[in-house]
Structure formats: C-alpha cells, structure tokens
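For reference, the structure discussed in these notes is given below.
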Amino acid sequence: MNNRNGLKKLPIGIENFEDIRTHGFYYVDKTALIRDLLHSWGEVNLFARPRRFGKSLNMSMLKSFF
C-alpha cells in the first residue's frame with residue numbers, strides 16, 4: 001500500500017488493527033496501552049477519548065493481541 005514515493009498511506013477511516021498492519025499503512029505504535037492495562041486493570045476500564053480519536057482502533061488492537 002505504499003504510494004509512488006515509497007511512503008506509507010495514512011489509514012483514514014480504517015478501524016481494523018489487523019488490516020492496518022497487514023496492508024502496510026502508517027501506524028503509531030500504541031501497544032504500551034496493553035502493558036498499562038495489564039499492570040493497572042480493573043473490572044471495568046473507561047476509554048474516554050474525543051470523537052474520532054482511535055477508540056475503535058484501540059479495541060481492535062486489544063482484540064488482536066488477546
């Protein structure tokens with residue numbers, strides 16, 4: 001999925017972590033979130049983020065990891 005310049009494309013509108021990783025899109029590694037959740041977990045974890053701020057992508061990343 002690289003463009004003519006050899007640069008990776010931005011995954012605008014893609015919420016599936018596996019698609020982003022397997023199709024070579026640009027991605028900022030947020031896997032430290034998994035470590036933080038494992039060290040300070042609770043019965044319920046709240047992911048408070050503004051709209052269009054990656055909540056669905058984070059949930060997809062967690063689903064792929066576990």
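None of the values given here were measured: they were computed from a predicted structure.
- To the nearest 0.5 Å, atoms OG (S60) and CD (E18) are separated by 6.5 Å.
- Cluster annotation: F66 is connected to L37 through the hydrophobic network of ILVMFWY side chains, with a link wherever side-chain heavy atoms come within less than 4.5 Å.
- Here F65 contributes atom CZ and L38 contributes atom CG; the two are 6.5 Å apart, rounded to the nearest 0.5 Å.
- Here the NE2-CD1 distance, from H23 to I14, works out to 8.5 Å after rounding to the nearest 0.5 Å.
- V28 and I12 fall within the same hydrophobic cluster, defined by Ile, Leu, Val, Met, Phe, Trp and Tyr side-chain heavy atoms under 4.5 Å apart, directly or through other members.
- Atoms CG and CG, on N16 and L57 in that order, are 8.5 Å from each other to the nearest 0.5 Å.
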Please test L33 against M61 for side chain to side chain contact (heavy atoms under 4.5 Å, CB included), starting from the C-alpha separation and ending with a verdict.
CA-CA 10 Å; L33 170 70; M61 178 187 66; 3.9 Å; yes
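- Atoms CZ and NZ, on F25 and K8 in that order, are 11.0 Å from each other to the nearest 0.5 Å.
- Note that CG of D29 and CZ of R21 are 7.5 Å apart. Values are rounded to the nearest 0.5 Å.
- Here the two rings, on Y27 and F17, have centers that are under 6.0 Å apart.
- Within a 6.0 Å sphere centred on NZ of K55, other residues, nucleotides and ligands contribute more than 12 heavy atoms.
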